[in-house]
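Below is one structure; the comments refer to it alone.
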Amino acid sequence: MPGNPPFDDPTVLPQDGSCPFCSIAQAYPPFPPSQPPAPDAASLDPFKLSPASFVVLSTPTLVAFLDIMPLSRGHLLLCPRSHRPKLSDVTPAEAGELGAHLRLLSKALSRATGVHDWNVVQNNGAAAAQVVNHVHYHLIPRPEIRAGGRFRESFTMFGRGTREDLDDDEGRALAAELRACVAAVLDEEARRGKL
């Protein structure tokens, strides 16, 4: 149908009904990152889907949410709303939005978790350890374990090792804190730009 997005753009792939990230993109409408909905807003209900989805950022182009099997507290995923299997499939506009929001989410994540070291990981294809066939970035906080004297501990790196399910209460609270931190970072940067 001409004039009805996404049908008028041949580069936009249809949402994939079997893709969990497409389901999240469809279930959670966009909201202004500088003015997120209240934590108890129906639009953010994590139990709209199963498993629960704890949305941190939802723009017309992108969605970010907590990983349901985090490698560390605050492990986030950022992906385009449109179904794009690999990074080479995103549009230039989506690539720009992903880059800008990776920076913003990194600042907010560091503030919310108090962890100032993190990985940004993006895998393309099964041989490269991509599990969900929808391009996404992982933002993974890496707390310093050696400084705390925890020499026997190690972190799961890039999917290896034991991962535990995200606790629903912790996910809800952390997602709200991250949304607030995103808004605060945007507000600070806007005020700085006006000085």
Side-chain angles (χ1 to χ4, degrees), residues 5-33 36 44 46 48-110 112-113 118-142 155-161 163 165-166 171 174-175 178-179 182 185-186:
F7 303 109
D8 58 353
D9 183 350
T11 66
V12 175
L13 299 173
Q15 301 291 333
D16 180 340
S18 66
C19 174
F21 296 173
C22 286
S23 295
I24 292 169
Q26 289 174 335
Y28 296 93
F31 58 81
L44 292 174
K48 285 183 185 183
L49 300 172
S50 181
S53 300
F54 301 95
V55 174
V56 171
L57 179 95
S58 185
T59 74
T61 308
L62 308 172
V63 64
F65 45 93
L66 292 171
D67 192 302
I68 60 170
M69 294 189 67
L71 294 171
S72 64
R73 182 179 179 273
H75 181 167
L76 283 175
L77 302 177
L78 173 66
C79 66
R81 284 185 172 277
S82 295
H83 187 76
R84 310 281 189 212
K86 296 182 179 179
L87 185 58
S88 55
D89 297 320
V90 302
T91 66
E94 288 168 333
E97 289 284 316
L98 286 163
H101 285 86
L102 279 170
R103 184 194 69 80
L104 172 63
L105 288 167
S106 291
K107 289 180 96 169
L109 185 60
S110 208
T113 63
W118 66 96
N119 294 111
V120 175
V121 180
Q122 197 280 314
N123 304 318
N124 290 280
Q130 182 180 9
V131 176
V132 177
N133 190 31
H134 186 130
V135 65
H136 57 284
Y137 286 87
H138 295 259
L139 289 88
I140 309 166
R142 293 296 180 182
F155 280 108
T156 302
M157 187 62 115
F158 309 128
R160 294 186 208 116
R163 295 170 70 169
D165 290 339
L166 177 64
L174 184 55
L178 283 161
R179 287 190 300 272
V182 166
V185 168
L186 286 170

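What you are looking at is a predicted structure, and each value in this text was computed from that prediction instead of being measured.
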Which atom names give the shortest non-hydrogen contact between [X] and [Y], and what distance separates them?
| X | Y | value |
| --- | --- | --- |
| Pro141 | Ser72 | O-OG, 2.5 Å |
| Asp67 | Pro70 | O-CD, 3.5 Å |
| Val132 | Gln130 | O-NE2, 3.0 Å |
| Arg142 | Asn119 | NE-OD1, 2.6 Å |
| Ala27 | Lys48 | O-NZ, 2.8 Å |
| Pro30 | Pro60 | CB-N, 3.7 Å |

Candidates Val120, Val121, Leu62, Asn123 - the one meeting side chain to side chain contact (heavy atoms under 4.5 Å, CB included) with Tyr137
Val120

Say whether Trp118 and Ser106, considering side chains only, have a donor N or O and an acceptor N or O under 3.5 Å apart.
yes

Does one side chain, of Ser58 or Arg81, offer a donor that lies under 3.5 Å from an acceptor on the other?
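The answer is yes; a qualifying pair exists.
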
Could you go step by step and tell me if Leu178 and Leu66 meet the side chain to side chain contact (heavy atoms under 4.5 Å, CB included) rule?
CA-CA 10 Å; Leu178 283 161; Leu66 292 171; 3.8 Å; yes

Check: Phe21 ring centroid to Phe65 ring centroid under 6.0 Å:
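Ring centroids of Phe21 and Phe65 are less than 6.0 Å from each other.
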
Under the side chain to side chain contact (heavy atoms under 4.5 Å, CB included) rule, what do Leu105 and Leu76 come out as? Steps first, then yes or no, please.
CA-CA 9 Å; Leu105 288 167; Leu76 283 175; 4.2 Å; yes

Where do Leu104 and Val185 land on the side chain to side chain contact (heavy atoms under 4.5 Å, CB included) test, with the steps shown first?
CA-CA 7 Å; Leu104 172 63; Val185 168; 3.6 Å; yes

Can you check whether [Y]'s main-chain N or O pairs, donor with acceptor, with [X]'s side chain at less than 3.5 Å?
| X | Y | answer |
| --- | --- | --- |
| Ser53 | Leu49 | no |
| Arg84 | Thr91 | no |
| Gln26 | Ser23 | no |

Does a side-chain heavy-atom distance below 4.5 Å link Val135 with Pro80?
yes

Quick one: does Thr59's side chain get under 4.5 Å of Pro33's, heavy atoms only?
yes

Measure the spacing between [atom1] of [X] and [atom2] of [Y] and express it to the nearest 0.5 Å.
| X | Y | atom1 | atom2 | result |
| --- | --- | --- | --- | --- |
| Thr113 | Arg73 | OG1 | CZ | 6.5 Å |
| Leu98 | Thr61 | CG | OG1 | 9.0 Å |
| His75 | Leu109 | NE2 | CG | 10.0 Å |
| Asn133 | His83 | CG | NE2 | 5.0 Å |
| Phe54 | Leu174 | CZ | CG | 10.0 Å |

Under the side chain to side chain contact (heavy atoms under 4.5 Å, CB included) rule, what do Leu87 and Gln122 come out as? Steps first, then yes or no, please.
CA-CA 8 Å; Leu87 185 58; Gln122 197 280 314; 3.7 Å; yes

Apply ring-ring contact (aromatic ring centres under 6.0 Å, His included) to His136 and His134, showing your working.
CA-CA 6 Å; His136 57 284; His134 186 130; 7.7 Å; no

